[in-house]
**Student:** 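I have a structure here, written as structure tokens, and I will follow up with some questions on it.
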Amino acid sequence: MILDEFKKYAEQMGAQLSGILSVSFIGTEHGEVLFNRSFSGLDYTATAKFEAEIAKNALQEIKYIDNIHEDSLREITISNKKQIHIIYVSKDFDYLIHIITDANKINYGILSIIHKQCYEQMSKVVTFDEVQTELYTKEPTEAPKKESHFRKLFFS
């Protein structure tokens, strides 16, 4: 089950990094939060949804200014003095991984390495087709193409 894999990823990130405050998975179909795990006792669901919208608006501008290609985007970082928010884009653009960290307790390089390890392990099990059929398709119809999900979220 996909949500079990999302939970496993979040638990691994939280166990290996003491500065993780929250891990969320945001679907690109409708911008909904698919899974959220807080390690600080606070609910960061609204923050994850809001920052997905910020990313959407920023990417619209980047596309028109720099003529960016979809496949080149993998990570967005939003930071302030207290927190660092990182949004990783899944390889098939079907979901975003939104991580909130304590800026004083996290090493960005170590976070990146651990994310890559956990994501590689998760992506062996979580495929685009499974995400589409398990999380998005309500009726037994054909799942939409991956580009349409990305463009719906970021460029519509």
Side-chain angles (χ1 to χ4, degrees), residues 1-63 68 70-128 130-132 134-136 146-156:
M1 183 165 202
I2 302 298
L3 294 179
D4 291 335
E5 292 301 320
F6 289 173
K7 180 179 180 182
K8 184 178 175 182
Y9 170 92
E11 295 298 328
Q12 288 175 343
M13 293 294 289
Q16 295 183 48
L17 296 163
S18 64
I20 299 285
L21 301 176
S22 173
V23 175
S24 300
F25 288 80
I26 304 165
T28 57
E29 176 70 18
H30 301 292
E32 74 278 14
V33 175
L34 303 171
F35 177 83
N36 178 277
R37 171 68 165 94
S38 176
F39 296 95
S40 68
L42 299 173
D43 184 5
Y44 290 101
T45 304
T47 303
K49 288 181 86 168
F50 177 72
E51 288 184 352
E53 286 297 317
I54 290 173
K56 171 183 155 181
N57 292 332
L59 290 171
Q60 285 176 336
E61 295 302 319
I62 290 169
K63 179 184 179 230
I68 190 171
E70 300 178 341
D71 293 338
S72 66
L73 177 71
R74 290 291 166 213
E75 177 183 329
I76 299 167
T77 303
I78 303 168
S79 64
N80 59 41
K81 291 181 181 179
K82 295 185 178 186
Q83 295 178 344
I84 299 172
H85 299 231
I86 300 125
I87 301 171
Y88 293 106
V89 181
S90 70
K91 66 181 177 181
D92 292 317
F93 302 104
D94 46 346
Y95 60 88
L96 305 173
I97 302 172
H98 181 268
I99 300 174
I100 301 174
T101 68
D102 183 329
N104 298 318
K105 294 181 180 178
I106 201 80
N107 178 311
Y108 179 75
I110 301 296
L111 170 74
S112 181
I113 291 168
I114 292 174
H115 159 72
K116 286 178 185 174
Q117 292 171 349
C118 293
Y119 182 74
E120 279 182 25
Q121 186 178 9
M122 181 181 67
S123 64
K124 290 177 184 176
V125 179
V126 177
T127 65
F128 176 76
E130 290 172 347
V131 170
Q132 297 307 305
E134 189 173 322
L135 300 179
Y136 295 130
K146 69 179 180 181
E147 291 82 12
S148 65
H149 296 301
F150 185 74
R151 290 192 178 153
K152 282 181 188 176
L153 180 65
F154 292 110
F155 301 115
S156 59

**Student:** With a 4.5 Å cut-off on side-chain heavy atoms, are Ile97 and Phe25 touching?
**Tutor:** yes

**Student:** Which atoms form the tightest heavy-atom contact between Ile84 and Ala103, and what is the distance?
**Tutor:** CG1-CB, 4.0 Å

**Student:** Compare all side-chain heavy atoms of Ser22 with those of Asn36 and state whether any distance is below 4.5 angstrom.
**Tutor:** yes

**Student:** Please answer whether the main-chain N or O of Gly109 pairs with a side-chain N or O of Ser112 as donor and acceptor at a distance below 3.5 Å.
**Tutor:**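 No; judged by distance alone, with no hydrogens or angles, the pair does not exist.
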
**Student:** Roughly how far apart are Thr47 OG1 and His98 NE2, rounded to 0.5 Å?
**Tutor:** 7.0 Å

**Student:** For the CG atom of Asn104 and the NZ atom of Lys82, what is their distance to the nearest 0.5 Å?
**Tutor:**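 If we round to the nearest 0.5 Å, Asn104:CG and Lys82:NZ are 9.5 Å apart.
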
**Student:** Give every donor-acceptor pair under 3.5 Å between a side-chain atom in residues 9-20 and any protein atom, sequence neighbours left out.
**Tutor:**
{"residue": "Tyr9", "atom": "OH", "partner": "His115", "partner atom": "ND1", "Å": "2.6"}
{"residue": "Glu11", "atom": "OE2", "partner": "Arg37", "partner atom": "NE", "Å": "2.6"}
{"residue": "Gln12", "atom": "NE2", "partner": "Gln121", "partner atom": "OE1", "Å": "3.3"}

**Student:** What distance do Glu32 atom CD and Thr45 atom OG1 have between them, rounded to the nearest 0.5 Å?
**Tutor:**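 Interatomic distance, Glu32 CD to Thr45 OG1, rounded to 0.5 Å: 12.5 Å.
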
**Student:** Passes side chain to side chain contact (heavy atoms under 4.5 Å, CB included), Val33 versus Lys49? Steps please.
**Tutor:** CA-CA 7 Å; Val33 175; Lys49 288 181 86 168; 3.3 Å; yes

**Student:** Sub-3.5 Å donor-acceptor pair from the side chain of Ser90 to the main-chain atoms of Tyr95, do we have one?
**Tutor:**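 Checking the backbone N and O of Tyr95 against the side chain of Ser90, a donor-acceptor pair under 3.5 Å is found.
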
**Student:** So how far is it from Thr77 OG1 to Ile87 CD1, rounded to the nearest 0.5 Å?
**Tutor:** 8.5 Å

**Student:** A side-chain contact here means heavy atoms from C-beta on lying under 4.5 Å apart; do Val23 and Phe39 qualify?
**Tutor:**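 In contact.
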
**Student:** Roughly how far, to the nearest 0.5 Å, is CD of Glu5 from SG of Cys118?
**Tutor:** 11.5 Å

**Student:** Please report the shortest heavy-atom distance between Ser38 and Gly41, naming the atom on each side.
**Tutor:** OG-N, 3.4 Å

**Student:** Roughly how far apart are Thr101 OG1 and Ile86 CD1, rounded to 0.5 Å?
**Tutor:** 5.0 Å

**Student:** Looking only at heavy atoms, what is the nearest atom pair of Val126 and Phe6, with distance?
**Tutor:**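 Heavy atoms only, the tightest pair is CG1-CE2, 4.3 Å.
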
**Student:** Is the closest side-chain heavy-atom distance between His85 and Tyr44 below 4.5 Å?
**Tutor:** no

